[in-house]
Amino acid sequence: MSFKSIHFIGICGTAMGAVAAALKDSGFQVSGSDESVYPPMSTFLEGKGITIMAGYRPENLAHKPDLIVVGNAISRGNEELEAVLEQKLYYLSLPETLKQFFLRGKHNLVVTGTHGKTTTTSMLAWIFEHAAKNPSYMIGGLPKNLPQGCTIREGSRHFILEGDEYDTAFFDKRSKFLHYLPELLIINNIEFDHADIFDSLEAIKLSFRRLVNVVPRNGMIVYNEDDANARDVVSQSLAPVTSVGCSPNAAIQIQNARYHADRSEWSLKGLGDFSLPMIGEINIRNASMAIAAAHFYQIPIPVIQEALRRFEGVRRRQEIRGEVGGVTLIDDFGHHPTAMKQTFEALRHRFPKRRLLAIFEPRSNTTRRSVFQHDLPQALAQADMVFMSQVYQLEKIAPEFRLDPDRVIADLHARKIPAYYESGVEAIVAQVQKQVAPGDVIVVFSNGGFGGIHQKLLTALDR
């Protein structure tokens with residue numbers, strides 16, 4: 001089928017906008033609609049000559065585009081989508097669009113796992129960038145070494161993608177990563193998450209097994225030897241596999257890990273010594289996965305070593321947002337108990353002997369539910385003091401499935417951890433002001449904006 005005009009429903013998402021711009025650069029007529037039209041994405045798209053329509057309306061389709069790209073956030077009941085279905089227009093999901101227009105015939109490196117996807121993908125893309133490989137990449141975050149989270153380059157041979165196990169679109173409930181044609185696949189780890197989509201860990205593992213099953217025999221799978229679920233899903237792979245981990249069974253063994261206030265150092269058996277200006281075992285593992293993948297594509301080890309020494313991290317991953325009155329404020333995207341534990345471990349290395357205060361917003365589709373009722377207190381107990389907000393959009397979760405914040409607080413009190421449950425951001429800020437002292441480190445865990453709490457805390461601390 002021949003396409004000339006392409007219309008994006010939900011065009012202002014990071015990946016949607018990047019793909020729309022790349023298609024415009026390739027000569028297609030591109031338009032789009034969104035209910036959230038504001039800079040910087042709106043000005044970026046307008047600079048490309050792309051028409052953006054505010055709001056979702058059937059009349060946005062009056063020009064009869066040849067192809068409609070439907071964003072993951074678009075669901076039935078959206079008036080523009082309903083018009084697409086009623087007029088029987090041709091539509092694809094964003095992952096399908098990527099596959100059809102950009103991924104076929106390319107060397108696609110797909111990074112997956114419950115934890116560390118964004119950081120590992122950012123490291124890998126930066127290594128390829130530093131090695132002058134001119135990669136395309138799609139990352140679910142903002143790497144500080146790269147100009148943006150998603151870049152599609154004309155003529156690029158390598159495409160590095162963060163492979164999400166979340167579903168593809170309202171009409172395709174398969175995981176997004178099944179569309180990405182992986183030549184090299186990284187599996188960092190596998191745990192239960194996305195309780196709104198998967199009903200068990202086995203359901204998640206089934207999706208990963210399907211992904212493993214589409215890696216070609218001339219490709220490669222790099223997996224975490226220390227993760228039993230990762231070992232399990234690759235056990236029947238027809239593609240070559242190699243393992244990374246601390247276990248002596250790992251083909252690429254992590255050895256002699258050392259942590260300093262400003263960096264981590266370690267060795268990889270057979271590959272050499274490495275240094276990274278990030279702290280914690282999780283970041284050593286992320287980097288080691290990226291090293292193994294880059295080595296498969298014959299990037300010289302000295303180039304990889306230099307790239308990692310210069311890696312600046314990813315926004316919202318242990319990111320220092322400010323220091324006021326001797327108090328350091330950290331922003332972290334962590335919203336799964338395991339990820340939170342790993343962040344606490346890293347911060348203990350980074351800020352030894354300083355009191356650690358944690359602020360947590362239950363916002364993800366899993367942490368809003370009772371799935372982690374027992375795991376969350378265990379994770380938060382790594383802090384010296386905890387402040388917890390009410391569950392985000394509590395009314396959208398059936399009462400019998402909701403996380404009970406009062407029980408989380410009670411469990412923390414039973415562990416002798418001072419803990420406070422506050423209904424809103426202003427109340428949390430006021431309570432923190434009462435409890436904080438010079439020298440404290442505050443870490444805010446949320447996968448959303450959390451009502452602008454970071455700036456409100458900095459302003460309150462400054463007062």
Side-chain angles (χ1 to χ4, degrees), residues 115-116 118-127 130 141-146 188-189 224 226 244-248 250 252-295 301-324 326-334 338-358 379 382-384 437-445:
H115 315 296
T118 300
T119 301
T120 306
T121 312
S122 300
M123 289 174 174
L124 188 55
W126 168 240
I127 291 169
H130 185 69
L142 296 172
K144 295 181 181 179
N145 292 78
L146 301 169
N188 271 344
N189 40 63
N224 180 356
D226 301 326
V244 175
C246 298
S247 166
I252 301 175
Q253 188 183 6
I254 298 169
Q255 298 176 325
N256 195 25
R258 305 174 305 282
Y259 304 107
H260 308 275
D262 60 346
R263 70 191 186 283
S264 299
E265 296 177 338
W266 74 103
S267 302
L268 287 179
K269 189 174 182 180
L271 294 182
D273 300 324
F274 298 87
S275 178
L276 177 74
M278 299 178 73
I279 316 299
E281 181 180 306
I282 182 61
N283 287 313
I284 286 180
R285 287 181 179 275
N286 292 338
S288 298
M289 290 289 187
I291 293 164
H295 182 61
I301 292 298
V303 175
I304 298 174
Q305 291 168 324
E306 175 65 19
L308 289 177
R309 282 195 293 269
R310 295 175 55 184
F311 184 67
E312 297 174 15
V314 183
R315 294 190 186 280
R316 304 209 66 193
R317 271 65 176 180
Q318 299 177 36
E319 181 182 16
I320 294 179
R321 290 290 295 270
E323 293 194 44
V324 180
V327 177
T328 302
L329 180 64
I330 306 284
D331 183 14
D332 195 90
F333 196 73
T338 300
M340 293 164 73
K341 285 180 182 177
Q342 292 166 342
T343 297
F344 283 130
E345 176 194 355
L347 293 177
R348 292 292 185 192
H349 285 298
R350 188 174 184 180
F351 302 103
K353 301 180 181 179
R354 293 177 65 176
R355 197 168 65 145
L356 191 55
L357 282 59
Q382 310 304 307
D384 297 302
D440 286 348
V441 176
I442 303 173
V443 54
V444 178
F445 290 108

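None of these values were measured; they are calculated from a predicted model. Positions are given from 1 along the sequence.
Put simply, the side chain of D273 never gets that close to the backbone of S267: no donor and acceptor are under 3.5 Å apart. Under the 3.5 Å distance criterion, the side-chain polar atoms of R354 are matched with a main-chain donor or acceptor of G439.
Side-chain contact check for I284 versus L276: every heavy-atom pair is 4.5 Å or farther apart. Taking 4.5 Å as the limit, some side-chain heavy atom of M123 sits within range of a side-chain heavy atom of M278. Between T343 and F445, the closest side-chain pair of non-hydrogen atoms falls below 4.5 Å. R285 is listed as a side-chain neighbour of C246, based on a closest heavy-atom distance under 4.5 Å. Between S288 and F274 there is no side-chain heavy-atom pair separated by less than 4.5 Å. Put simply, the side chain of V441 reaches to within 4.5 Å of the side chain of L356, judged on heavy atoms. The closest side-chain heavy-atom distance from V443 to L357 is not below 4.5 Å.
The distance from atom CZ of R258 to atom CH2 of W266, rounded to the nearest 0.5 Å, is 10.0 Å. E281 CD to Q342 CD: the interatomic distance, rounded to the nearest 0.5 Å, is 8.0 Å. Rounding to the nearest 0.5 Å gives a distance of 9.5 Å between CG of N286 and CG of N224. To the nearest 0.5 Å, the span separating CG on L329 from CD on E319 amounts to 10.0 Å. Remark: T338 OG1 to N189 CG distance equals 8.0 Å, nearest 0.5 Å. To the nearest 0.5 Å, atoms CD (Q253) and CG (D226) are separated by 9.0 Å.
In terms of the salt bridge (charged side-chain N to carboxylate O under 4.0 Å, His left out) criterion, R317 has no residue partners (sequence neighbours excluded). Under the side-chain contact (heavy atoms from CB on, under 4.5 Å) criterion, P302 pairs with P300, Q305, sequence neighbours left out. The ring pair (Phe, Tyr, Trp, His ring centres under 6.0 Å) search around F351 returns none, not counting sequence neighbours. Evaluation of the side chain to side chain donor-acceptor pair (under 3.5 Å) rule for H295 yields no partner, not counting sequence neighbours. Scanning for ring pair (Phe, Tyr, Trp, His ring centres under 6.0 Å) contacts around H130 gives W126, with sequence neighbours left out. Scored by the ring pair (Phe, Tyr, Trp, His ring centres under 6.0 Å) test, H349 finds Y259 as partners (sequence neighbours excluded). Looking at residues two or more places apart in sequence or on another chain, you find no side chain to side chain donor-acceptor pair (under 3.5 Å) involving N283. By the side-chain contact (heavy atoms from CB on, under 4.5 Å) test, A294 is found to be paired with L124, I127, F128, I299, I304, residues two or more places apart in sequence or in another chain being considered. Applying the side chain to side chain donor-acceptor pair (under 3.5 Å) criterion to R350, with sequence neighbours excluded, gives no partner residue. For R263, the salt bridge (charged side-chain N to carboxylate O under 4.0 Å, His left out) partners at least two apart in sequence or on another chain are E265. Contacts of D384 classified as salt bridge (charged side-chain N to carboxylate O under 4.0 Å, His left out), with partners at least two apart in sequence or in another chain: R348. Taking R321 as the reference, D331 meet the salt bridge (charged side-chain N to carboxylate O under 4.0 Å, His left out) condition, with sequence neighbours excluded.
Pairing each heavy atom of R355 with each of D440, the nearest pair is NH2-OD2, 2.7 Å. Heavy-atom minimum distance, A261 versus I279: O-CD1, 3.8 Å. Minimum interatomic distance between S264 and G280 (heavy atoms only, all atoms of both residues): OG-N, 3.4 Å.
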Kindly determine whether I291 and L308 satisfy side chain to side chain contact (heavy atoms under 4.5 Å, CB included), including the steps that lead there.
CA-CA 9 Å; I291 293 164; L308 289 177; 3.5 Å; yes
Determine, stepwise, if the pair L268 / I254 fulfils side chain to side chain contact (heavy atoms under 4.5 Å, CB included).
CA-CA 5 Å; L268 287 179; I254 298 169; 3.7 Å; yes
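The environment of K144 atom NZ is dense: over 12 non-hydrogen atoms of other residues, nucleotides or ligands sit within 6.0 angstrom.
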